[in-house]
Every structure is written in structure tokens, then in C-alpha cells.
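Okay, so here's the structure we're looking at.
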Amino acid sequence: MAIILRLDRVMADRKMSLNELSEKVGISNVNLSNLKTGKVKAIRFSTLDAICKVLECQPGDILEYEDDKQTA
């Protein structure tokens, strides 16, 4: 099981920089950068809620499930 973060894609669609999103959401640049690059193991619902409000998107726009099983 793999959850892929597509935050970078949504930010690009909205033409929003990491600094701008960080400021509007109230998360440090470092934490938001780690989230954007997929270097995190978890995300709080309150953080996801704030990001979705600022980017005017749904959680499914940011999070994507990819089955890691190889089909034969």
C-alpha cells in the first residue's frame, strides 16, 4: 500500500508558492516542504483541512492511493 502526496501538483495548478501556502496555512516552510515531497508518514486532519481550505480542493486532490502489488 502506498499513499502518494500530490500537493505539488495542486499548488502548481493554483499557482501558489510554498512560502505563500505556508503563510496562509500556518505551517512552517520545512514541514510543508516535507509534506510536499512525501517525506512524512502522517498528516493531521486539521492540517489537511487547512490546506484544502486555502487551495480550495478536496483531500482526494492531494492524496492518492497506489497499490504496490505487481500484477503478473
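For the single chain, residues carry numbers from 1 onward in sequence order. The analysis underlying the following values was restricted to heavy atoms, covering all of them including side chains, and did not include hydrogens, waters or symmetry mates.
- The heavy-atom pair separating Cys57 from Ile62 by the smallest distance is SG-CD1, 3.7 Å.
- Residues Glu64 and Arg9 are paired through a salt bridge, judged by an N-O separation under 4.0 Å between the basic side chain and the carboxylate.
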**OP:** Take Asn31 and Thr47 through the side chain to side chain contact (heavy atoms under 4.5 Å, CB included) test and state the conclusion after the steps.
**Re:** CA-CA 11 Å; Asn31 287 339; Thr47 301; over 6 Å; no
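- In terms of heavy atoms, Leu35 sits closest to Leu5 at O-CD1, 3.0 Å.
- Atom CG in Asn19 sits 4.5 Å away from atom CG in Asn29 (nearest 0.5 Å).
- Taking all atoms of both residues into account, the shortest heavy-atom contact from Leu21 to Met11 is CD2-SD, 3.7 Å.
- For the atom pair Asp13 CG and Asp61 CG, the distance stands at 9.0 Å (nearest 0.5 Å).
- In the hydrophobic clustering of ILVMFWY residues, with side-chain heavy atoms under 4.5 Å counting as a link, Tyr65 and Val10 come out together.
- Note that CG of Leu48 and CD of Gln58 are 10.0 Å apart. Values are rounded to the nearest 0.5 Å.
- Nearest heavy atoms, Ser22 versus Leu32: N-CD2, 3.5 Å.
- Met16 and Leu55 get closest at one heavy-atom pair: SD-CD2, 3.8 Å.
- Looking at every heavy atom in both residues, Val25 comes nearest to Val54 through CG2-CG2, 3.8 Å.
- Here Ile27 contributes atom CD1 and Ser33 contributes atom OG; the two are 12.0 Å apart, rounded to the nearest 0.5 Å.
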